[in-house]
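Input: a single structure, listed below in structure tokens.
Side-chain atoms are counted along with the backbone in the values below, which use heavy atoms only and exclude waters and symmetry mates. Residue numbers start from 1 in every chain, and the chains themselves are labelled A, B, ... in the order their sequence lines are given, proteins ahead of strands.
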Amino acid sequence: MSNIRAIRGMNDILPDVTPSWQYVETVIGSLMASYGYSEVRMPIVEQTDLFRRGVGETTDIVEKEMYTFLDRNEESLTLRPEGTAGCVRAAIQHGLLNTVQRLWYTGAMFRYERPQKGRQRQFHQVGAEAFGVASPDMDAEVILLTARLWRELGIAEDVQLQLNSIGNAQSRNAYRDALVAYLRERVDALDEDSQRRLDSNPLRILDSKNQETQAVLDGAPSLVDFLDEESAADFSRLRELLDAAGVAYSLNPRLVRGLDYYNKTVFEWVTDRLGAQGTVCGGGRYDGLVEQLGGKSVPGVGFAMGIERLVLLLEECGQLPPAEASADVYVVSFGDSAQTEALAAAEQLRDALPGLRIVQHNGGGSFKSQMKKADKSGARLALIWGDDEVAANTVSIKPLREQNNERVGQQSVARAELEQTLRALLAV
RNA sequence: GUGGCCGUAGCUCAUCAGGUAGAGCACCGGAUUGUGACUCCGGAGGUGGCGGGUUCGAGACCCGUCGGCCACCCCA
């Protein structure tokens, strides 16, 4: 056995699950199109500074989770830990932001964390970003889009929307001061991590899982009371829109997010069916980000979801499409001239019946072993060439999915009629 | 970075006062001439994660290390 293994937390996605991934990706692709979102593809590596400035210096992501290295030019590069910063960078760099812009992307992201259920170091996100609209109708759009996705995937009952507004920078600062003042008087009751965050990032104490900390927070000032007028009005309008659209949500005043660029609306779709990693999709508004990364002052709102978690959830909910066979037709031949004939015929069939999955038996072996392979391929039909067929210029067609033993149902057709017969048998 | 559990054939697991390993599935071959699935027979496949220690002897006990899973932190 080889000593070389995949890097911890970076998993191979093997043939038993790739159909599930393809299914999810296909559904998402057409969903995005149906809302007018265009796909963009950004590099996996960016200048480290992009994430420092975009995601935020004091976030966990930047502080301890990035894959950062020097390239041969001594330039500091980082494997992207999330997609928004790179998407914004690309949009600024190529001048896409002089109009409303709806973009989506998918790909691998990297965070140096201990792997656990629903979390790996290389993981895959689908994200969408809508630029250029500051009003909450756009917030509603991205949320409605995600809500539709759950319906299309059959998991609408298994995810819940949590919603909050964290206001603009000024109101958030005011709230932070009030929160810190309140918590300082109760430092001893806080868990260790929360004590540390009093200095670094006090808002994140809010979603601590520690019971005692949460008890302390019960008496804390509420973020809602500090919201600026515009944020409050927009939040109220967003809720109106969601109500009217029939999207259920619960208000979670302690929902903050771990990335610094958010303001106003933040949301998460969560599930209780994935162990500790319950967030399937998270997002919000980031009105200052474009400017902070060197662009004009362009508002934005978006979300990202984790494909691994989505696939896990679908599996958990029994909503993955049934496994399909990898072949429709399996071609068996015995002897050189038969194989020559079979190979050419298979190529002609692929020309004539595109989409038909034709697997050619290679590597020889007895008829028996070839038929075993044919059966295991899941193909509906075996095409059989032997000396008899070559001599008579025919092909034997054997159905494999019926229960009969012997050669019942097997037929011999003239070589010239093969294509037509297959069309009829397979209804293609 | 911290904690808990775990590491025996490709996969799921078993055995045993500590006396140098088995099963099921999967794989390969066979059961009269060129035909799968069910059944039967046979075969291949493990330096028991790695290193050290205790012992006459260790997969089984001890230590270390590496790896996996789950949880904390945080998020997708």
Side-chain angles (χ1 to χ4, degrees), chain A residues 1 3 5-9 11 14 16 55 58-65 81-84 106-127 146 191-194 196-197 201 204-205 207-210 213 255-259 266 268-271 274-283 303-313 330 332-335 338 361 365-390 396-410 412:
Chain A
M1 184 180 292
N3 282 331
R5 302 174 42 91
I7 306 302
R8 181 204 294 266
N11 302 136
L14 298 175
D16 58 330
V55 176
T58 64
T59 58
D60 277 16
I61 290 178
V62 171
E63 274 183 350
K64 56 180 199 187
E65 295 176 4
E82 59 101 52
T84 301
T106 183
M109 309 290 164
F110 303 83
R111 292 184 199 171
Y112 191 88
E113 301 177 279
R114 288 292 280 269
Q116 67 185 76
K117 188 180 176 68
R119 192 212 342 250
Q120 31 282 127
R121 290 182 171 180
Q122 173 175 333
F123 63 106
H124 302 263
Q125 284 187 335
V126 171
T146 52
D191 61 277
E192 206 175 320
D193 287 319
S194 296
R196 191 160 7 90
R197 281 192 211 108
N201 204 336
R204 273 189 295 144
I205 298 174
D207 54 16
S208 163
K209 283 181 186 170
N210 185 283
T213 298
L255 176 64
V256 292
R257 310 246 322 132
L259 289 68
V266 294
E268 284 187 5
W269 288 95
V270 299
T271 179
L274 289 185
Q277 304 307 317
T279 305
V280 178
C281 171
F303 65 82
M305 67 181 94
I307 305 182
E308 281 84 357
R309 290 184 188 179
L310 199 47
V311 170
L312 275 178
L313 181 57
Y330 195 94
V332 160
S333 63
F334 196 75
H361 181 88
S366 64
F367 263 109
K368 190 185 191 67
S369 63
Q370 292 194 38
M371 289 305 294
K372 281 188 178 178
K373 290 279 168 48
D375 181 53
K376 274 166 193 145
S377 77
R380 290 171 61 191
L381 298 176
L383 301 187
I384 303 170
W385 266 273
D387 294 340
D388 297 349
E389 284 81 359
V390 172
S396 293
I397 305 177
K398 175 163 182 166
L400 296 172
R401 297 301 107 189
E402 272 102 64
Q403 292 304 312
N404 49 31
N405 269 337
E406 306 310 318
R407 301 187 191 181
V408 181
Q410 180 167 330
S412 178

Between A:D191 and A:R196 (salt bridge meaning N to carboxylate O under 4.0 Å), is one present in this structure? no
Looking at B:rG34, B:rC72, B:rA37, which one has an atom nearest to any side-chain atom of A:D375? B:rA37
Of the nucleotides B:rC72, B:rG68, B:rU35, which has the atom closest to the A:Q277 side chain? B:rC72
If you check every side-chain atom of A:M371, which of B:rG34, B:rG36, B:rU2 has the closest atom? B:rG36
Hey, is CG on A:L14 packed in by over 12 heavy atoms from elsewhere, all under 6.0 Å? yes
Given that A:E308 and A:N11 both sit by RNA chain B, which one's nearest nucleotide is further toward the 5' end? A:N11
Across every strand shown, the nucleotide meeting Watson-Crick or G-U wobble geometry with B:rG57 (both distances under 3.5 Å) is none
What's the verdict on side-chain hydrogen bond (donor to acceptor under 3.5 Å, both in side chains) for A:T146 and A:W269, showing C-alpha distance, side-chain angles and the deciding distance? CA-CA 9 Å; A:T146 52; A:W269 288 95; 2.9 Å; yes
Which comes earlier along RNA chain B counting from the 5' end, the contact point of A:G282 or that of A:D191, where each point is its nearest nucleotide? A:D191
Nearest to the side chain of A:Q116 - B:rC72, B:rA76, B:rU35? B:rC72
Residue A:S369, side-chain heavy atoms: nucleotide from B:rG3, B:rG29, B:rG67 that is nearest: B:rG29
Rounded distance in Å - CD1 (A:I397) to P (B:rG36): 19 Å
Less than 3.5 Å between a donor and an acceptor, one on the side chain of A:Q370 and one on the base of B:rU35, is that the case here? no
Any base atoms under 4.0 Å from A:D207, or only sugar-phosphate, or nothing? Heavy atoms, all strands. sugar-phosphate
Could you check which of B:rG67, B:rG36, B:rG34 has an atom nearest any side-chain atom of A:R5? B:rG67
Base, sugar-phosphate or nothing for A:E63? Non-hydrogen atoms, less than 4.0 Å. nothing
Could you work out which one of B:rC70, B:rA76, B:rG36 sits closest to the side chain of A:K398? B:rG36
So what does A:E113 hit on the nucleic acid, given a heavy-atom distance under 4.0 Å: a base, only sugar-phosphate, or nothing? base
Nearest listed nucleotide, side chain of A:K117, among B:rG67, B:rG34, B:rA71: B:rA71
Can you tell me which nucleotide in B:rU35, B:rG36, B:rG68 comes closest to the side chain of A:I384? B:rU35
Using the P atom on both, measure B:rC6 against B:rA44 and round to a whole Å. 34 Å
Please work out if A:R111 contacts a base, only the sugar-phosphate, or nothing of the nucleic acid, heavy-atom cut-off 4.0 Å. base
Taking only side-chain nitrogens and oxygens of A:K373, does any of them come within less than 4.0 Å of OP1 or OP2 of B:rC28? yes
Output the single nucleotide from B:rC69, B:rA76, B:rA71 whose closest atom is nearest the side chain of A:F123. B:rA76
Geometric cation-pi criterion, A:R111 with A:F123: 6.0 Å, 45°: no
By the 4.0 Å heavy-atom rule, please label A:V332 as base, sugar-phosphate, or nothing. nothing
